[in-house]
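What follows is one structure encoded as structure tokens, with my remarks underneath.
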Amino acid sequence: SKTKTFRHEMYPEYKAHRTEPPEDLKKQFPYFEPLAQAFNIVTLRKNGFEADDIIGTLAKNGERNGLDVIIVSGDKDMMQLISPRIRMLDTMKDKLFAEKDVVEKFGVPPEKVIDAMALIGDSSDNIPGVSGVGPKTAAELIQKFGSLDDLYANIDAVEKIKLREKLANDKGNAYLSRKLATIDTAVELDCQIADLKRREKDPARLREIFTELE
């Protein structure tokens, strides 16, 4: 959806640094949805939410219904969704990410990814995080304290004075960043799993589009 999301309401600067997509890509935008429809692939959108939230909702719904779910994405944010039944396929790297791969990348398991991201932030989405805290330090802190809440409940136990000061100064940003980075997995969607089953494509419509695109 082109509308602003609940994250923009929370933090107007969310994704503010995003540059315009290249012109040759923008020209392709009008064809994406008609192509999906010609292939008879269900397309979903909901005002106020991002694609990530819809994907997260579908993934968790599938998991609850005993399905094995594969999210096709290269977005590290999606790693918070990974579980024994949910994996992520990064087609650019030709790699299927499971729980152990998340630990390898973030130094924490999937359910702690948002705590780590609260500290690290995300420059691509303009999520602030804690100034001067990178992935290695964030992983060490979450490993030691267990969660963002427990870290701040025991902040005096952070040995490095400068790090402790940074954490204290940016506490508000850390909690805001955790909210911004958390994928909403309870979006109300007007569809059931049965509605999403694979269907036969529309060869006549596809031929039309492919002929137009040469």
Tell me, with the steps shown, if Asp122 and Met117 meet side-chain contact (heavy atoms from CB on, under 4.5 Å).
CA-CA 7 Å; Asp122 187 345; Met117 289 183 72; 4.3 Å; yes
Stepwise side-chain contact (heavy atoms from CB on, under 4.5 Å) test for Ile70 and Met88
CA-CA 5 Å; Ile70 296 179; Met88 185 183 96; over 6 Å; no
Go through it in stages, so that I can follow the logic: the residues are Leu81 and Thr185, the test is side-chain contact (heavy atoms from CB on, under 4.5 Å), and I'd like the CA-CA distance, side-chain angles, deciding distance and then a yes or no.
CA-CA 9 Å; Leu81 300 169; Thr185 59; 3.7 Å; yes
Test side-chain contact (heavy atoms from CB on, under 4.5 Å) on Met79 and Asp101 and set out the steps.
CA-CA 9 Å; Met79 291 188 178; Asp101 303 297; over 6 Å; no
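Using a 4.5 Å cut-off between side-chain heavy atoms of Ile, Leu, Val, Met, Phe, Trp and Tyr, with links allowed through other members, Ile114 and Tyr14 fall into different hydrophobic clusters. Both Phe106 and Phe145 are part of a single hydrophobic cluster, where members link through side-chain heavy atoms under 4.5 Å apart. Hydrophobic clustering, with ILVMFWY side chains joined whenever heavy atoms are under 4.5 angstrom apart, keeps Leu141 apart from Ile120. In this structure, Val133 is not a member of the same hydrophobic cluster as Leu176, with clusters built from ILVMFWY side-chain heavy atoms closer than 4.5 Å. Taking hydrophobic clusters as Ile, Leu, Val, Met, Phe, Trp and Tyr residues chained together by side-chain heavy-atom distances below 4.5 Å, Phe97 shares a cluster with Ile183.
Using a 4.0 Å cut-off between a side-chain N of Lys or Arg and a carboxylate O of Asp or Glu, Glu99 and Arg87 do not qualify as a salt bridge. In summary, Asp190 and Lys46 do not engage in a salt bridge, as defined by a charged side-chain N under 4.0 Å from a carboxylate O. A salt bridge does not link Arg207 to Glu212: none of the charged nitrogens lies less than 4.0 Å from a carboxylate oxygen. Salt-bridge formation is not detected for the pair Lys162/Glu165: no Lys NZ or Arg NE/NH1/NH2 atom is positioned less than 4.0 Å from an Asp or Glu carboxylate oxygen.
Remark: the Asp150 side chain and the Asn154 side chain contain no N/O donor-acceptor pair separated by less than 3.5 Å.
Here the CG-OG1 distance, from Asn47 to Thr3, works out to 4.0 Å after rounding to the nearest 0.5 Å. Taken to the nearest 0.5 Å, the CG atom of Leu163 stands 9.5 Å off from the CD atom of Glu140. Interatomic distance, Asp125 CG to Glu13 CD, rounded to the nearest 0.5 Å: 13.5 Å. Considering NZ of Lys160 and NZ of Lys166, their distance stands at 9.5 Å, rounded to 0.5 Å. Here CD1 of Ile71 is found 11.0 Å from CG of Leu96. Values are rounded to the nearest 0.5 Å. In this structure, NZ on Lys100 lies 10.5 Å from CD1 on Ile82, to the nearest 0.5 angstrom.
Side chains of Asp52 and Asp75 form a contact here, defined as non-hydrogen atoms less than 4.5 Å apart. Proximity of Gln37 to Ile41: side-chain heavy atoms (C-beta onward) are nowhere separated by under 4.5 Å. Val108 has its side chain out of reach of Val103: every pair of non-hydrogen atoms, C-beta onward, lies at least 4.5 Å apart. Side-chain contact between Arg45 and Glu33: present, with at least one pair of heavy atoms (C-beta onward) separated by less than 4.5 Å. Within the 4.5 Å cutoff, the side chain of Leu67 has no heavy atoms near those of the Arg85 side chain. Between Ile209 and Thr211, the closest side-chain pair of non-hydrogen atoms is not below 4.5 Å.
Ring-centre distance between Tyr175 and Tyr152: below the 6.0 Å cut-off.
Taking each heavy atom of Arg7 and Thr182 in turn, the nearest pair found is NH2-O, 3.0 Å. Taking all atoms of both residues into account, the shortest heavy-atom contact from Ile54 to Leu44 is CD1-O, 4.0 Å. Taking every heavy atom of both residues into account, Val42 and Leu196 meet most closely at CG1-CD2, 3.8 Å. Annotation for Asn65 and Asn61: closest pair ND2-O, 2.8 Å, computed over non-hydrogen atoms. For the residue pair Ala174 and Ala118, the shortest heavy atom distance occurs at O-CB, 3.3 Å.
When atom types are taken as modelled, the side chain of Ser83 and the backbone of Ile86 share a donor-acceptor pair closer than 3.5 angstrom. One N or O on the side chain of Thr57 and one on the backbone of Val187 form a donor-acceptor pair closer than 3.5 Å. Here the side chain of Asp90 pairs no donor or acceptor atom with the backbone of Lys95 at under 3.5 angstrom. Between the side chain of Asp184 and the main chain of Ala186, a donor-acceptor pair closer than 3.5 Å is present. Using a distance-only test at 3.5 Å, with no hydrogens or angles considered, a donor-acceptor pair links the side chain of Ser177 to the main chain of Gly129. Between the side chain of Asp53 and the backbone N or O of Glu50 there is at least one donor-acceptor pair closer than 3.5 Å. Distance alone, capped at 3.5 Å, places no donor-acceptor pair between the Glu214 side chain and the Phe210 backbone. Between the Asn173 side chain and the Pro128 main chain, no donor and acceptor come within less than 3.5 Å of each other.
Shown here are the ring pair (Phe, Tyr, Trp, His ring centres under 6.0 Å) partners of Phe49, two or more places apart in sequence or in another chain: Phe6.
By the neighbour-count criterion of 12 heavy atoms within 6.0 Å, atom NZ of Lys4 is sparsely surrounded, having that number or fewer from other residues, nucleotides or ligands. Other residues, nucleotides and ligands contribute more than 12 heavy atoms inside 6.0 Å of the CG atom of Leu25. Within a 6.0 Å sphere centred on CZ of Arg164, other residues, nucleotides and ligands contribute more than 12 heavy atoms. Within 6.0 Å of NZ in Lys105 there are 12 or fewer heavy atoms belonging to other residues, nucleotides or ligands.
Put simply, the residue from Gln80, Met78, Lys76 that forms a side-chain contact (heavy atoms from CB on, under 4.5 Å) with Val113 is Gln80.
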